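A quick write-up on the structure given underneath.
From a predicted model like this one, the values you see are computed outputs, not experimental measurements. Proteins come first, then strands; the chains are lettered A, B, ... in the order of their sequence lines, and each starts at number 1.
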Amino acid sequence: MTKELTAEQKVKFYQKGTFTVGNRLVDADNRSVQASMERSNAITSGHRACQGCGEALGARYALDTAMRVTGGQMIAANATGCLEVFTTPYPETSWQMPWLHSLFGNAPAVASGMQAAMKAKGKKTRIVAQGGDGGTVDIGFGCLSGMFERNDDVLYICYDNEAYMNTGVQRSGATPGGARTATTMPVGEAYPGNVFGTGKNLPRIAMAHNIPYVATASVAYLQDLEAKVEKAMSLEGARYIHVYVPCPLGWGCASNATINLARLVVETGFFPLFEAEHGKVTATRPIRQRVPIEEYLKPQRRFAHLFKTDAGAEAIRKLQAMCDHNIAEYDLLREGEETLA
Amino acid sequence: MTLPTTAPFAITVDVGTSLDNHTGTWRTERPVYLDRLPPCNNACPAGENIQAWLALAEEGNYEAAWQEIMVNNPLPGIMGRACYHPCEDACNRKDIDSAVSIHAVERFLDDESRKQGWLPRVPSDLSGKKILVVGSGPSGLSAAYHLRRLGHAVTIYEAGPVAGGMMRFGIPAYRLPRDVVEENIKRIADMGVEIVLNRKVEDIAAEKAEGGFDAVFLAIGAHLANRAYIPSADAGRILDAVGVLHDMETEESKPMLGRRVVVYGGGNTAVDVARTAKRMGAQEAIIVYRRTRDQMPAHDFEMDEAIEEGVIVNWLTTIKEVGDGGKVMVERMELDADGKPQPTGEMDELEADTVVMALGQNVDTSFVEKLDGVEIKDKTIQVDTQFMTGHPGVFAGGDMVPSERTVTVAVGHGKHAARAIHAWLQSETYQRAEKHEIADFEKLNPWYYANAPETVQEQLDIARRQATFGEVLGGLDETNALYEARRCLSCGNCFECDNCYGVCPDNAVIKLGPGNRFKFDYDFCKGCGICAAECPCGAIEMVPEEI
């Protein structure tokens, strides 16, 4: 990705370990935050996330990195959602950092207020806001847009598991076409799950606000994710990272498939990884091992019906076309570039 | 929990931590770390722990890597060149790009060891037992080395004027330079192994008694050439391959093969003789073989190299007669429905100054026959699982006993026989360690290994290969060797990549620090299985909980 920062760039070697979390052959300084015995474990053990939760993983990856960059001088504002519910069934908390609860829809506004308060008190404490795709793409969208437009000094992280999982897997604005949810059941031949609408691509919407930094990330690409959080924390103003986090329960996949699905969604081209600054894409991550969309869909029961009917087959073709579009749009198959970590 | 009386409404208990919530109770399967057997180690006839020494080499710790080889194999310089590396055929990396060039790293480590003067470990205390080893080929040297490492006094009796056996007489110098052989052998002698040359053993029992030896290991190899009856008007032109290769090593005047050499046979020895003939100045070196290339026992790469050097092969051909003036009558063959060659009656004529027979070798069993209890079957000495013959205290290995006849197999025999002799001397039985489950490719998660093609070893140019005995294949320098070692996937054994530690959504993997690997925190592990799925090398297994 960007050349100047990123631990992943410094590590140029070809032996085992290049894509792994750590590597005993690399200097400790160049290893990922997650490889460190001193990582802060922002969300500690005993939380009640389901087996194999991608969001628990994504949040720890992002927050541990932000904690390292800020030396622990940060506070989080949390939207209501899975992340909050599974970490804080009173009186137990999993949080190893200060955070403030907010409603489902107003985390960005609360974060803006927290940032203003820190500024008023003359403190350098940084603010991170976070929410799921429901709280971000749908319910909190107005507040988020306002936070962007005012260029408040907040990093907002969306953990996207493509539906309202906490309340029972209802469709959100981020649910892909064709997916089965509690509210988009595949009924008969003609209705294969969620409708293919016009799409609501929040990273692109964020870019339209010309904010300093926008990035997409996936829990399967740890070093990439960490580098992006590090980069975001080095900047001021409104910043947005959209992290793709599989949900075994809501998607109907095996609990051990989390990382693999987070990888396949990128390698199919369905979820391109990119960075943008002030409204312009500055870096994209090329596909390393291209796979057809079916490989991503098949392990998930929310897409199982697509493999049974003609309408389903048509839906798969549409999903593949979206991959092809992304591949062309972001030039994801370019050659001659070494992909590391 | 206390109930504070002044607490505001809705907050009636103190804030606690989720560490009170032991999510491990959710689990139906538990992850368990295990060590699986890497396919390379499994395939090595000498039982080297290849993965372990590659891991040391990866860190740049070359001396420790070399010492790790020496635990199992005293001849790394020879292995790195002359072994047919079954380890590389088994290497899982071939399914990603190409196998790790294990032999090239081994060769590099031996070069370093000789450059730096590293020495194998030898115990200072002696057991008081004396063992006689008959024959100084790879299996005899290996047994002597391992017996010495086990604390015994060892003497080798070698019938010939030089030590090395088939490493000299079976493998030409262009594949195995003689200084490498000599230095590898000298290292064993310097450990205190006595090597007596020109000492042919005729009566084993008498030698054993006379020398006061507690046990004997026989390893004289297979040096008798197999014959085929071919009518010949000019017997002087017919030589056998073993004799030719032997004379190349020992005779003052090298064998005169002439300008046109015909070699009969399809094994590695036939190819060796043809390539040797080329280097001796033969304009034509023709191999006559009665089957096809696919059926040839010679290794593919050796055949390729021979053809590059100008050796010609007449496939599907047999020699019928060697006539006057070096006229060799050959008959064309064709394969029948079962793939067997059948004569066609069509004849051809070749001209040869020399015809060399390379039809395999046998063991000279005559001196063993005198010993009670020893069983000889199919011209080989029969041994039990302890490498002991029917005569108590007399063991045998290498080409003498039924097995594949390669230098590495022989080294393995020497090692196991040494351990068996050591056990026998204490009235015990040697038990080989039980093998772990093999880490085959399906056990790996290959995503995590970056593409990194094999380093190509440079070859000597053709002109020099046709005229000199210089080593054909070049070695690696340190950069290349390090690169190559780092291509190892560490199949089946944790290499501390931190993946399990990083991908656990529940922080239920505890990192124990460099060299100490990890452990699971079963209080919190929910058993999702991500760690096992994302372990690159297949060192985690999910095991059902007892419910």
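Below 30°, between 30° and 60°, or above 60°: for B:F520 and B:Y522 the angle between ring planes is between 30° and 60°, a tilted geometry. The aromatic rings of B:H22 and B:F524 stand perpendicular to each other, their planes meeting at an angle above 60°, with 30° marking the opposite boundary.
A distance of 6.0 Å or more separates the ring centres of A:F19 and A:Y221.
Residues B:W66 and B:E112 bring no donor and acceptor atom of their side chains to less than 3.5 Å of each other. Side chains of B:E534 and B:Y448: a donor on one and an acceptor on the other come within 3.5 Å. Side-chain atoms of B:Y62 and B:Q116 include no donor-acceptor pair closer than 3.5 Å.
In terms of modelled atom types and a separation under 3.5 Å, the side chain of B:S490 and the main chain of B:N493 share a donor-acceptor contact.
In summary, A:R68 and A:E230 do not engage in a salt bridge, as defined by a charged side-chain N under 4.0 Å from a carboxylate O. Between B:R93 and B:E88, none of the side-chain N atoms (NZ, or NE/NH1/NH2) sits under 4.0 Å from a carboxylate O, so this pair counts as no salt bridge. Between A:E55 and A:R60 there is no salt bridge, since no side-chain nitrogen of the basic residue lies less than 4.0 Å from a carboxylate oxygen of the acidic one. One finds no salt bridge joining B:D440 and B:R36 here, because no Lys/Arg side-chain nitrogen approaches an Asp/Glu carboxylate oxygen to under 4.0 Å. Taking the charged nitrogens against the carboxylate oxygens, B:R486 and B:E58 have no contact shorter than 4.0 Å, which rules out a salt bridge.
Neither the backbone nor the side chain of B:D521 comes within less than 4.5 Å of any heavy atom of chain A. Residue B:E59 touches chain A through both its backbone and its side chain, counting heavy-atom pairs closer than 4.5 Å. In this structure, chain A has a heavy atom under 4.5 Å from the backbone of B:C504, while its side chain stays farther away. With a 4.5 angstrom heavy-atom cutoff, B:L512 touches chain A only via backbone atoms. For A:I259, the parts lying near chain B are the backbone and the side chain together; criterion is any non-hydrogen pair under 4.5 Å. Heavy-atom distances place no part of A:D64 under 4.5 Å from chain B, backbone and side chain included. Proximity to chain B (any heavy atom under 4.5 Å) is restricted, for A:R263, to the side chain, taken from C-beta onward.
Of all residues in residues 77-88 of chain A, none places a non-hydrogen atom less than 4.5 angstrom from a non-hydrogen atom of chain B. Using a 4.5 Å cut-off between non-hydrogen atoms, no part of residues 242-251 of chain A approaches chain B.
Counting heavy atoms from C-beta on, the side chains of B:P446 and B:F441 come closer than 4.5 Å. Looking at heavy atoms from C-beta onward, A:D133 lies in side-chain contact with A:N161 at the 4.5 angstrom threshold.
Chosen from B:R27, B:E484, B:K511, the residue pairing most often with chain A at heavy-atom distances under 4.5 Å is B:K511. Top candidate by heavy-atom pairs under 4.5 Å with chain B, chosen from A:A35, A:S94, A:G52, A:A56, is A:A35. Residue with the most contacts toward chain B among A:R48, A:R39, A:Q96: A:R39 (heavy-atom pairs, distance under 4.5 Å).
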